[in-house]
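Read through the structure below, which is laid out as structure tokens, and then see the notes.
Computed from heavy atoms alone, side chains included, the values below leave out hydrogens, waters and symmetry copies.
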Number of protein chains: 2
Amino acid sequence: MSSEASVSEPRRRGRPPRDQSHPNAPRARLLRTGVAILTEKGFSAVGVDEILASADVPKGSFYHYFGSKEAFGLALIDAYAAYFARKLNRWFDDAERAPLERLRDFIADARSGMARHGYRRGCLVGNLGQEMGALPEPFRMRLAAVFRDWEMRTSRCLRAAQAAGDIPKGIDCDSLAHFFWIGWEGAVLRAKLERRPDALDVFARGFLAMIQANDMGPRR
Amino acid sequence: MSSEASVSEPRRRGRPPRDQSHPNAPRARLLRTGVAILTEKGFSAVGVDEILASADVPKGSFYHYFGSKEAFGLALIDAYAAYFARKLNRWFDDAERAPLERLRDFIADARSGMARHGYRRGCLVGNLGQEMGALPEPFRMRLAAVFRDWEMRTSRCLRAAQAAGDIPKGIDCDSLAHFFWIGWEGAVLRAKLERRPDALDVFARGFLAMIQANDMGPRR
DNA sequence: GATTTTCCAAGCCGATCGGTCTAATAAATC
DNA sequence: GATTTATTAGACCGATCGGCTTGGAAAATC
């Protein structure tokens, strides 16, 4: 019925939309500084004005690009999920490394990322998840979906390790990936609280020892 | 120099302080409802007025008992830590049960506690820890100290299990208790996000399998 | 140059924030 | 009853909250 948006419109009339992929465009800048601030302080504790001041963007622009603070938060989740998916791909798809080494590489990268910010920034998804009781309901499904996505990618990596013989056959890699992300988020939370990497190291070491336990037990 | 407070003052002049141990006293009621609300929504997202309305206490009383919202938050942490320490004692000191069973009992109790509130309430300490970036600095040390206390109590229980032969000798129970609380808080966070107990179950099962792995591995 | 649309800029709104203040009331001693 | 202290009660304050509004500048088409 209504005129469908064709793949390539013949032309638009007025001023064309700014290329928002440019990293210095206001929208992209808002998302970047938004992630930086919210990974540190969460959603409820941060006012729109603080983000505006930090990104040096006037209020009019904010409500031009995002309909509300809630809409902005949802866009932040998407941006963070996309950023993190690229990061996971980079490590988990590195054919040069043994599968289990890829997991170690990711862990080391995440650890140094937290160190770089003085252990003040955590994980956006974990942060917002903890705040869920005070957040608009649409956040819940998106956050849960992001975790599922990360676990899927991790499970693939673990299955590759299993195929390589680095993880005992009987283990269910989906459950193991689930276990990893449950605990890893706890470790990130704790590292942020203590401003120290200890929790990351303790969990990572325990997890890796766990999946190789059968190799470390008494040999037959 | 100054008149020291003797063990038993001869008498006070005016109206004596109300017995605040009475569970219906305003101060106790504020702490109770404060824990209930903050375990669900956190600190920053909750206004003093909301707590006042829910506890049915006027603002004057609040600022009579607590100097500020921050002071109230610190008192909440102490109250919650005391409540939780009693809970841990109840389970971990139950001489009727095998040490490892005591840990299982605690886990089951915590799980049913979350279920009772529809998985809407998490752990106050974990919640505030995640918010730390937006919280007054004094919160940090208290929260970290609470975790250390819980881990100490847990480690004692694990050592008892080790003495009973239910955990392999070589394992360091302090590290293991640390690992447990890092991951358990992650599981609580996740269960709250998903409003399901799955994360609690996955982590608990994984953890328990982990400490008994050597018994499950190939026998010599 | 007129028109159309995008984007920038900021003043302003009502609501809510944490916190203060004053007055009244209650419960004890003197 | 006078005094002293504890507690209740809520109006009120300036600041900040998320969000709306209006106006104009910029960039394209016609």
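Taking side-chain N and O atoms only, Tyr65(B) has a distance below 4.0 Å to OP1 or OP2 of dT8(D).
A salt bridge between Lys41(B) and Glu50(B) is present, with a side-chain N of the basic residue lying under 4.0 Å from a carboxylate O of the acidic one. Under a 4.0 Å N-O distance rule, the pair Glu151(A)/Arg190(B) qualifies as a salt bridge. Ion pairing between a basic and an acidic side chain is recognised when a charged N comes within 4.0 Å of a carboxylate O; Arg159(A) and Asp174(A) show such pairing. No salt bridge links Arg90(B) with Asp109(B); every basic N to acidic carboxylate O contact stays at or beyond 4.0 Å.
In this structure, Trp150(B) and Phe147(B) have perpendicular ring planes: the angle between them is above 60°, well past the 30° mark.
For Trp181(B), the side-chain hydrogen bond (donor to acceptor under 3.5 Å, both in side chains) test picks out Thr154(B), with sequence neighbours left out. Under the side-chain hydrogen bond (donor to acceptor under 3.5 Å, both in side chains) criterion, Asp94(A) pairs with no residue, sequence neighbours left out. The side-chain hydrogen bond (donor to acceptor under 3.5 Å, both in side chains) search around Ser175(B) returns Asp172(B), not counting sequence neighbours.
Among dA6(D), dT6(C), dG18(D), the nucleotide with an atom closest to any side-chain atom of His64(A) is dT6(C). Among dG19(C), dT7(D), dG18(D), the nucleotide with an atom closest to any side-chain atom of Ser68(B) is dG19(C).
Lys87(A) forms no cation-pi arrangement with Phe92(A), by the criterion of a distance under 6.0 Å to the ring centre and an angle within 45° of the ring axis.
For the pair Arg27(A) CZ and dC7(C) P, the interatomic distance rounds to 11 Å; values are reported in whole Å. dT8(D) atom P lies 16 Å from atom OH of Tyr63(B), rounded to whole Å. Rounded to an integer number of Å, the gap from Phe62(B) CZ to dC21(C) C1' is 17 Å. For Lys69(B) and dT16(C), the NZ to P distance is 15 Å, given to the nearest whole Å.
A distance of 6.0 Å or more separates the ring centres of Tyr65(A) and Phe72(A).
Heavy-atom distances under 4.0 Å link DNA chain C to no residue of residues 33-43 of chain A. Contacts between residues 44-55 of chain A and DNA chain D, counted as heavy-atom distances below 4.0 Å, involve Val46(A), Gly47(A), Val48(A), Asp49(A).
The backbone N or O of Ile51(B) sits nowhere less than 3.5 Å from a side-chain atom of Ser54(B) that would complete a donor-acceptor pair.
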Atom pairs, protein N/O to nucleotides 9-15 of chain C N/O, distance under 3.5 Å:
none

